[in-house]
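Just so it is clear, the structure is predicted and the values come from calculations on it, not from any experiment. Order of the sequence lines fixes the chain letters, A, B, ..., with proteins taken first and strands second; residue numbering starts at 1 for each chain.
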Number of protein chains: 2
Amino acid sequence: MGVMEKVARRTRDAAAQATPLPLDQIVMADCIAAMRALPAKSVDMIFADPPYNLQLGGDLNRPDGSHVDAVTDAWDKFDSFAHYDAFTRAWLAEAHRVLKDDGTIWVIGSYHNIFRVGAAVQDLGYWILNDIVWRKANPMPNFKGTRFTNAHETLIWASKGEKARYTFNYRSMKTLNDELQMRSDWEFPICGGGERLKRDGVKVHPTQKPEALLYRVLLACTKPGDVVLDPFFGTGTTGAVAKRLGRHWIGIEREADYCAAACQRIEAALPLDERALATMQSPKAQPKVAFGVLVENAYLTPGAMLTDAKRRHRAMVRADGSLASPCGATGSIHKLGATLQGAPACNGWTFWHYEADGALRPIDALRQTYLLATQP
Amino acid sequence: MGVMEKVARRTRDAAAQATPLPLDQIVMADCIAAMRALPAKSVDMIFADPPYNLQLGGDLNRPDGSHVDAVTDAWDKFDSFAHYDAFTRAWLAEAHRVLKDDGTIWVIGSYHNIFRVGAAVQDLGYWILNDIVWRKANPMPNFKGTRFTNAHETLIWASKGEKARYTFNYRSMKTLNDELQMRSDWEFPICGGGERLKRDGVKVHPTQKPEALLYRVLLACTKPGDVVLDPFFGTGTTGAVAKRLGRHWIGIEREADYCAAACQRIEAALPLDERALATMQSPKAQPKVAFGVLVENAYLTPGAMLTDAKRRHRAMVRADGSLASPCGATGSIHKLGATLQGAPACNGWTFWHYEADGALRPIDALRQTYLLATQP
DNA sequence: TACGCGCATGAATCAGGCA
DNA sequence: ATGCCTGATTCATGCGCGT
């Protein structure tokens with residue numbers, strides 16, 4: 001079967017006559033027009049990854065001189081916040097009509113757009129159930145050192161109203177999270193490796209989402225056989241995961257290139273083997289604690305003195321978690337330890353000690369105390 | 001000294017005449033009126049923890065003064081959102097006026113209000129720099145098992161405009177985070193234990209923020225001696241941490257109970273020793289040294305050869321501090337480095353190396369030596 | 001085959017001072 | 001406002017290549 005044969009091309013009028021849902025198909029059209037053609041209260045869940053309206057300045061180069069490939073596509077350009085808001089409210093209103101009364105909607109965004117989206121969601125009568133933070137395990141750094149590393153994106157999960165009886169598979173989520181309630185912060189790597197769709201070595205879509213993210217969303221809020229609509233289908237992550245999990249899907253996408261890639265991808269996706277489900281859970285990472293966190297949380301006070309085990313070196317703890325030696329040298333626990341010893345590297349956690357009850361103890365002991373106090 | 005003596009009671013008119021800032025004081029008044037009484041462009045940072053209000057019922061009134069007793073139908077919802085938006089825009093506008101042009105504002109909230117706050121921030125011309133996620137190490141579980149555990153709150157950090165030159169202590173944040181860039185997701189325990197203010201065993205304020213959170217905010221975005229304004233002061237976490245870190249603070253709070261608790265708490269807070277307050281400085285803060293100065297002072301001799309770390313490029317030092325490549329290209333250390341690499345820019349200090357004791361060392365090391373020898 | 005090294009790259013609102 | 005010069009700045013991951 002040809003790749004494009006499953007892509008339904010519809011004019012708005014033709015689509016309006018089609019009563020049955022275009023299940024497991026891609027509708028190549030503008031999302032507002034395409035949603036208008038769908039019956040009211042017909043889908044169980046909507047997952048939407050709308051344009052973020054990034055407002056990027058000039059070129060950005062890495063410290064090594066290489067160029068950052070930014071999102072410059074026309075579909076992300078809006079003239080003003082007012083235009084973006086109008087667009088947002090239009091598609092959210094249509095989504096509200098199409099969604100079943102007990103269905104829910106998910107929208108993902110970044111600080112560029114998510115506040116406007118969230119306000120529109122509330123204004124249109126949706127009832128926000130959670131905001132979810134996708135913590136990126138491997139975000140792009142802030143190359144110029146001008147801000148905090150932008151290391152997360154935000155998802156909004158909402159029902160059609162306060163009293164809607166939505167689907168939430170509490171047990172599935174708890175099982176997935178090692179028998180602890182699933183929290184509102186999720187950690188996943190960004191989409192890369194073999195999962196990232198490429199054509200001639202170039203990424204097909206600039207913002208392809210990881211399947212693990214959609215997997216959790218669909219597992220949490222839909223039942224097998226449910227219909228999931230994605231009005232900004234892109235390269236079809238939602239469709240691929242829905243097929244794997246035995247859910248029906250409808251994708252709406254304007255760009256022919258994206259439609260073709262999505263169609264091919266979903267064709268190749270295989271419904272999930274039950275045994276594979278268990279192996280999808282990533283082991284919980286060993287929590288890391290930065291030395292500065294101990295200062296912030298008053299386990300050590302700025303001004304406190306540290307020494308090495310043999311009291312050959314001394315250093316004072318400063319407000320930002322750096323150390324200052326009486327000789328004038330400063331640096332992190334690792335760097336200053338290395339400097340004072342003339343060594344290329346040093347594990348500051350075991351090198352530096354603090355005095356308690358007349359005895360020297362490594363600062364690593366404080367880290368263990370902190371972990372015990374904060375980890376469930 | 002009595003607890004309340006430091007609390008300045010001001011009517012709006014009386015305050016309007018007061019030109020000097022009420023530094024290190026609590027102003028017991030409505031925050032919008034109190035901010036109106038402050039001079040324009042007078043504070044370096046604002047930290048705001050506004051009421052969340054929505055969907056909790058209770059103290060919500062319509063613009064006409066009538067009471068909203070239940071937020072049930074869509075119309076009431078819209079009505080209350082509009083009211084909350086008006087309040088939000090009013091205090092954010094006043095904050096914009098009071099803030100110095102190169103100052104920044106922080107606002108914290110949850111999904112109940114943060115989307116409305118964020119949209120207002122953008123609409124008022126603030127430029128969002130980051131949104132920050134406070135991941136709670138020990139959140140309250142979702143008892144009914146109907147949603148994800150609400151385990152985070154969101155902070156928005158914004159400047160007064162796109163081109164503002166705000167304070168961001170990059171090196172301090174990197175040091176605090178074990179020599180990795182500080183990310184946009186921060187983990188802290190919720191406020192409890194001895195830090196939590198209680199009276200007769202009952203918590204004084206329902207949403208007291210942890211000091212560790214304010215510690216990081218103030219350390220990241222202010223300098224010692226800066227003025228920090230908190231228009232929703234509550235029990236004064238911002239003031240207590242500001243005092244500890246050697247920053248001035250101004251607190252605005254309507255409730256006398258909170259003012260009293262905050263005043264007592266801040267009285268008891270101890271400022272850090274000045275030396276402990278010192279933090280890691282960015283190279284930007286160091287005095288500049290022109291490469292030619294090193295040649296003048298015979299740290300390098302004209303005619304000496306430099307290479308990059310991988311010995312792919314070579315250049316000769318000339319008498320005026322410019323470099324000449326064997327291929328004929330010439331220029332400053334930066335310009336020639338960029339030219340030879342075909343890069344848009346280059347930091348010559350770290351790109352070019354000289355040979356000493358059989359090893360390559362960056363010429364930046366010579367600059368450090370020069371600085372140590374010449375700085376008092 | 002295994003391991004190490006080099007290189008590429010990801011939704012990014014990414015510089016500042018002076019002439 | 002514009003242009004020019006100086007010079008500060010990156011983390012995790014995957015893939016290809018060489019030993």
Side-chain angles (χ1 to χ4, degrees), chain A residues 49-73 75-78 81 108-114 134 136-154 189-196 198 201-203 205-210 232 234 285, chain B residues 102 122 126-131 157-159 161-166 168 170-171 174 177-184 281-286 288-292 310 321 331-335 337-338 343-352 363-364 367:
Chain A
D49 181 11
Y52 285 11
N53 188 26
L54 299 183
Q55 295 159 58
L56 305 178
D59 283 357
L60 179 63
N61 294 302
R62 297 183 173 81
D64 67 6
S66 64
H67 184 254
V68 175
D69 183 22
V71 178
T72 52
D73 306 69
W75 49 254
D76 198 46
K77 296 265 189 295
F78 293 83
F81 281 137
I108 183 168
S110 67
Y111 68 84
H112 309 86
N113 70 323
I114 199 65
W134 166 29
K136 300 182 183 184
N138 47 351
M140 179 152 57
N142 181 291
F143 296 115
K144 302 293 187 189
T146 55
R147 304 178 178 191
F148 299 98
T149 302
N150 192 6
H152 74 276
E153 294 189 23
T154 302
I190 59 177
C191 181
E195 189 185 323
R196 187 84 193 211
K198 297 192 177 178
V202 179
K203 60 189 175 189
H205 194 285
T207 70
Q208 186 182 337
K209 294 293 175 286
F232 305 95
Chain B
D102 290 337
Q122 291 180 310
Y126 290 103
W127 189 250
I128 297 183
L129 299 166
N130 277 115
D131 61 333
W157 177 41
S159 69
E162 184 176 357
K163 301 197 172 160
R165 293 195 300 273
Y166 53 89
F168 178 56
Y170 176 74
R171 277 301 327 172
K174 189 165 175 176
N177 195 38
D178 249 358
E179 293 299 321
L180 288 179
Q181 286 191 338
M182 187 68 80
R183 298 167 39 116
S184 57
Q281 294 300 306
S282 136
K284 287 175 198 165
Q286 293 177 3
K288 283 188 189 176
V289 178
F291 180 67
K310 296 176 185 171
S332 69
I333 54 171
H334 313 296
K335 196 148 199 177
C346 168
N347 181 349
W349 290 108
T350 52
F351 178 74
W352 292 109
I363 57 175
D364 193 43
R367 178 168 61 161

Margin query: Measure CG/A/Asn61 against P/C/dA8 and give the value in whole Å, please.
Written below: 14 Å

Next item on the list: Please state the P separation for the pair C/dC18 and D/dG7 - nearest whole angstrom.
Entry: 13 Å

Item checked: C/dT1 and D/dG18, which share atom name C1', separated by this distance in whole Å -> 14 Å

Note to self: Categorize A/Thr149 for me: base, sugar-phosphate, or nothing, with a 4.0 angstrom heavy-atom threshold over every strand shown.
What the structure shows: nothing

Note to self: For a quick check under 3.5 Å, do A/Ser110 and A/His112 share a side-chain donor-acceptor pair by atom type?
What the structure shows: yes

Item checked: Backbone of A/Leu54 reached by a side-chain donor or acceptor of A/Asp76 within 3.5 Å -> yes

Next item on the list: Check the chi torsion on C/dT13 and let me know: syn if it falls within 90° of 0, anti if not.
Entry: syn

Notebook entry, point to check: Taking the six-membered ring for Trp, are the ring centroids of B/Trp157 and B/Tyr166 within less than 6.0 Å of each other?
Noted result: yes

Checklist line | Given DNA chain D, 5'-ward residue of the pair B/Val289 and A/Gly194, judged by closest heavy atom | finding: B/Val289

Checklist line | Whole-angstrom distance between D/dT13 and C/dT13, as gauged at atom C1' | finding: 25 Å

Notebook entry, point to check: What pattern of brackets, bars and dots sums up DNA chain D from 5' to 3', given Watson-Crick or G-U wobble pairs under 3.5 Å, [ ] for crossing pairs and | for another strand?
Noted result: .|||||....|||||||||

Check: Is any side-chain heavy atom of B/His334 closer than 4.5 Å to a side-chain heavy atom of B/Trp349?
Finding: yes

Notebook entry, point to check: In Å, rounded to the nearest 0.5 Å, how long is the span from CG of A/Asn142 to CZ of B/Phe168?
Noted result: 7.5 Å

Checklist line | Rounded distance in Å between the C1' positions of C/dG10 and C/dC14 | finding: 15 Å

Note to self: If you compare every side-chain N and O of B/His334 against the phosphate oxygens of D/dG7 (OP1, OP2), does one of them come in below 4.0 Å?
What the structure shows: yes

Check: In Å and rounded to the nearest 0.5 Å, what is the CG to CG distance from B/Asp131 to A/Asn150?
Finding: 6.5 Å

Note to self: Considering every strand and a 4.0 Å limit on heavy-atom distances, what is the contact class for B/Ala290: base, sugar-phosphate, or nothing?
What the structure shows: nothing

Next item on the list: Assess whether atom NZ of B/Lys335 is packed by more than 12 heavy atoms of other residues, nucleotides or ligands within 6.0 Å.
Entry: no

Checklist line | Separation of the C1' atoms in C/dA12 and D/dC5, to the nearest angstrom | finding: 25 Å

Notebook entry, point to check: How long is the line joining OH of B/Tyr170 and P of D/dT9, in whole Å?
Noted result: 7 Å

Notebook entry, point to check: OH/B/Tyr170 to CZ/A/Arg147 distance, rounded to the nearest 0.5 angstrom?
Noted result: 14.0 Å

Next item on the list: Could you check A/Tyr52, A/Trp134, A/Tyr111 and say which one makes a side chain to side chain donor-acceptor pair (under 3.5 Å) with A/Glu153?
Entry: A/Tyr52

Note to self: Rounded to whole Å, please give me the gap between CD in B/Gln181 and C1' in D/dA8.
What the structure shows: 12 Å

Next item on the list: Quick one, give me the B/S/- string for nucleotides 9-19 of chain C, reading 5' to 3', where B means a protein heavy atom under 4.0 Å from the base and S means that only happens at the primed atoms, P, OP1 or OP2.
Entry: BBBBBBS-S--

Check: What is the nucleic acid contact for B/Arg367, judged by heavy atoms within less than 4.0 Å: base, sugar-phosphate only, or nothing?
Finding: sugar-phosphate

